[in-house]
Participant: 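Please see the structure below; I have some questions.
Only a predicted model underlies this, so the values are computations on that prediction, with no experimental measurement involved. Convention: sequence-line order gives letters A, B, ...; per-chain numbering from 1.
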2 protein chains.
Amino acid sequence: MEKKFKEIVTAVRPVEKGLEDEARVRLDSLTKPLGSLGELENLAASIYCVQEHFPLAVDPARVIVAVGDHGVTEEGVSPYPSEVTRQMVGNFLSGGAAVNVLSKAAGAQLQVVDVGIAGDRLPEDGGLLDRRVRSGTANMAKGPAMTREECIQALMVGVELAESAKNDGVRTVILGEMGIGNTTAAAALYCAFHELVPTEAAGPGAGLNARGVSRKALVLERTMAANRGALESADPIAKLAAVGGLEIACLAGVAIGAAQAGLLVLVDGYIATAAFASALAICPAVDGYCVVGHVSAEPGHVRVLKRLGRDGLLKLGMRLGEGVGAILALPLLRSAAVIFNDMATFESAGVSRSAR
Amino acid sequence: MEKKFKEIVTAVRPVEKGLEDEARVRLDSLTKPLGSLGELENLAASIYCVQEHFPLAVDPARVIVAVGDHGVTEEGVSPYPSEVTRQMVGNFLSGGAAVNVLSKAAGAQLQVVDVGIAGDRLPEDGGLLDRRVRSGTANMAKGPAMTREECIQALMVGVELAESAKNDGVRTVILGEMGIGNTTAAAALYCAFHELVPTEAAGPGAGLNARGVSRKALVLERTMAANRGALESADPIAKLAAVGGLEIACLAGVAIGAAQAGLLVLVDGYIATAAFASALAICPAVDGYCVVGHVSAEPGHVRVLKRLGRDGLLKLGMRLGEGVGAILALPLLRSAAVIFNDMATFESAGVSRSAR
């Protein structure tokens with residue numbers, strides 16, 4: 001399976017940055033002061049570099065919520081018990097979670113995937129996709145979260161989800177996740193990939209108090225120590241296997257598979273960005289396909305985005321996960337597409353240009 | 001007419017701030033970590049304070065683009081000639097402007113209103129609403145932009161637009177504008193209402209270079225001097241008449257009329273916020289009905305928002321006007337409404353609460 005995965009990684013082409021100039025020429029011809037649509041213009045140019053032709057198309061968009069549990073929760077890193085992962089999946093399937101109401105309001109499809117929930121398998125007839133690789137990760141504070149094979153299997157689940165999105169005509173995939181304990185895994189990945197120190201990477205997550213955050217930082221220290229070999233290697237898959245999560249590896253695979261398929265990737269907050277960072281470490285060419293939807297309230301997120309040379313479109317103090325921040329940014333992608341596609345030019349509308 | 005306007009101002013009730021606690025109780029019962037939806041939760045609480053009942057409703061939403069010309073353009077305060085106002089109205093009516101494609105994408109109605117375009121009247125059969133008060137303002141650098149009667153007439157145009165929005169079932173009005181030269185009028189209003197000095201208030205607008213911005217600040221100095229009597233009075237209508245614009249007065253009237261009618265008001269950038277600031281000065285009770293959609297790239301905007309104790313929802317470096325930044329924020333209002341209306345509670349979904 002590793003061979004097949006590596007072939008896909010190799011097949012990802014970086015976006016054609018040269019197309020950005022073409023996009024700017026068109027944007028500058030539209031009836032608005034030069035550059036006056038700010039980030040929307042940058043977005044339109046980015047989408048054009050991915051799609052390479054006119055008109056730009058953002059829809060259909062699909063939210064992929066990958067779900068997995070984390071052995072490290074036994075260290076007390078979350079204010080919620082691990083069972084809440086499974087309970088929230090029930091909530092996703094009955095339509096009551098934030099991701100349900102927001103994806104519906106945004107007109108995006110929703111796919112919920114079990115990549116690694118702990119405990120008994122859940123029935124697929126409720127709408128859950130069963131792609132479980134293992135029943136939760138091992139406790140990374142004591143050793144690797146998963147084996148290399150499991151990690152690659154989770155990555156390949158993601159690749160296949162991206163491929164089937166492509167086959168269903170989807171143009172944008174949105175990275176969402178659920179997994180009690182996964183801000184700790186994300187923090188560990190940032191320590192691994194971006195040399196954040198545990199106290200920079202640890203934050204309140206779903207609502208830890210200051211004492212809880214300190215404990216989380218200590219657990220991260222122990223995690224780094226317990227996985228020193230993998231973390232000192234130059235191999236991003238080894239790092240992801242050691243301190244990642246099944247849902248995070250899956251989303252990294254979605255990003256890679258989406259890039260290979262020429263889809264836009266809309267990245268959510270702290271945890272989805274860890275998947276994006278993992279994907280970048282494995283396959284730097286995914287970069288141009290990805291847009292970060294929002295900046296999370298989790299303090300480490302802004303630090304990591306800076307290291308990635310990125311900014312999120314929205315800054316709304318959100319820290320929920322489930323892909324929710326990225327879903328809120330979807331209308332901005334659509335807006336960027338319609339200005340590019342449908343606005344009149346100065347010439348066509350008979351409007352005078354600036355005298356500047 | 002002033003008597004009628006004053007009656008409306010007096011009839012505006014402040015929103016019931018006590019309802020915010022009720023809203024927070026509901027928000028805290030929903031299946032998400034406490035406060036994890038950040039600004040979306042604040043928005044939901046604000047909407048509940050306006051609408052006072054469940055479920056919250058944001059739609060239908062209507063963008064009102066008020067259009068007027070500015071005599072002060074003869075001082076060279078814009079890189080675009082004054083005729084562009086009229087040309088852009090043609091563009092609005094044929095569907096090619098940013099406001100057209102973005103309001104369509106956002107599912108909002110669009111109403112374009114001539115409150116004070118210079119030159120011949122435009123035919124109404126193209127979809128333009130003719131409520132012209134006068135053909136452009138006078139040059140405020142030499143004296144008052146309009147008479148008190150004209151100002152009140154423009155305010156009443158806005159009140160009536162809000163009333164007809166209410167009668168059409170609209171729940172949210174979005175303040176948009178077009179008028180070459182109107183960043184200068186907005187800047188003058190901020191000097192008048194918020195004691196900004198001209199060099200703080202003057203910015204590049206539609207694209208002035210540094211020399212142009214300096215000239216604009218000097219024009220603002222002369223404007224302040226030429227209207228000293230009105231600006232030193234305690235009468236906000238006198239100030240608005242002296243250094244405002246017909247489209248700005250109209251939008252101030254929309255905000256007041258909307259508040260009186262219990263509608264939400266979504267405020268756009270630098271110029272629409274000057275209308276909001278004018279409305280606040282005339283009728284402080286409008287405050288709770290208004291949400292600022294975005295923070296403009298025009299440097300004075302962030303300063304003014306700070307003085308108003310406000311922040312904009314989006315920060316995308318935009319500076320186009322036409323209501324465009326506020327239109328982009330409309331999906332956030334809808335998102336706030338659906339989380340409040342439709343998410344499951346911990347109890348209904350059988351999800352465990354935080355152990356914190």
Participant: Closest heavy-atom contact between Pro33(B) and Ala206(A)?
Facilitator: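 Of all heavy-atom pairs spanning Pro33(B) and Ala206(A), the closest is CB-O, 3.2 Å.
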Participant: What pair of heavy atoms forms the shortest contact from Val101(B) to Val338(A), and how long is it?
Facilitator: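 Answer, listing the atom of Val101(B) first, then Val338(A): O-CG2, 3.7 Å.
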Participant: Can you tell me if Ser352(B) and Gln87(A) form a side-chain donor-acceptor pair at under 3.5 Å?
Facilitator: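 Yes, a side-chain donor-acceptor pair sits under 3.5 Å.
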Participant: Out of curiosity, Leu316(B) CG to Asp311(A) CG, how far, rounded to the nearest 0.5 Å?
Facilitator: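 Here the rounded value is 10.0 Å.
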Participant: Return the option, out of Ala105(B), Ser348(B), Ser335(B), Gly205(B), with the maximum number of heavy-atom pairs under 4.5 Å with chain A.
Facilitator: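 It is Ser335(B).
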Participant: Quick one: what part of Leu314(A) sits under 4.5 Å from any heavy atom of chain B, side chain, backbone, both or neither?
Facilitator: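 Interface part for Leu314(A): side chain.
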Participant: Name the option with the most non-hydrogen atom pairs under 4.5 Å to chain B; the candidates are Leu313(A), Leu43(A), Val351(A), Leu30(A).
Facilitator: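 Of Leu313(A), Leu43(A), Val351(A), Leu30(A), Val351(A) has the most heavy-atom pairs under 4.5 Å with chain B.
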Participant: With a 4.5 angstrom heavy-atom cut-off, is it the side chain or the backbone of Leu332(A) that approaches chain B, or both, or neither?
Facilitator: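 The answer is the side chain of Leu332(A).
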Participant: To the nearest 0.5 Å, how far apart are CG in Asn100(B) and CG in Asp342(A)?
Facilitator: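 Output value for this atom pair is 10.0 Å.
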Participant: So if I apply the side chain to side chain contact (heavy atoms under 4.5 Å, CB included) rule between Ser36(A) and each of Arg319(B), Met318(B), Glu322(B), which one comes out positive?
Facilitator: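 Of the listed options, the one satisfying the test is Arg319(B).
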Participant: Does any backbone or side-chain atom of Arg334(A) lie under 4.5 Å from a heavy atom of chain B? Answer side chain, backbone, both or neither.
Facilitator: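 Neither part, no heavy atoms under 4.5 Å.
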Participant: Between Gly90(B), Gly35(B), Ala297(B), who has the most heavy-atom pairs with chain A when the cutoff is under 4.5 Å?
Facilitator: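 So the answer, after comparing Gly90(B), Gly35(B), Ala297(B), is Gly35(B).
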Participant: Which pair of non-hydrogen atoms, one from Thr31(A) and one from Gly96(B), has the smallest distance, and what is that distance?
Facilitator: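 Distance-wise, the nearest heavy atoms are OG1-O, 3.6 Å.
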Participant: Hey, could you give me the CD/CG distance between Glu39(B) and Leu328(A), rounded to the nearest 0.5 Å?
Facilitator: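 Answer for the CD-CG pair, Glu39(B) versus Leu328(A), is 12.0 Å.
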Participant: Name the option with the most non-hydrogen atom pairs under 4.5 Å to chain B; the candidates are Ser94(A), Ala97(A), Ala98(A).
Facilitator: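 Top option by heavy-atom pairs under 4.5 Å: Ala98(A).
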Participant: Relative to chain B, which segment of Phe346(A) carries a heavy atom at a distance below 4.5 Å: side chain, backbone, both, or neither?
Facilitator: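 Only the side chain of Phe346(A) comes within 4.5 Å of chain B.
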Participant: Rounded at 0.5 Å granularity, tell me how far CE in Met88(A) sits from NZ in Lys32(B).
Facilitator: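 If I round to the nearest 0.5 Å, the distance is 10.5 Å.
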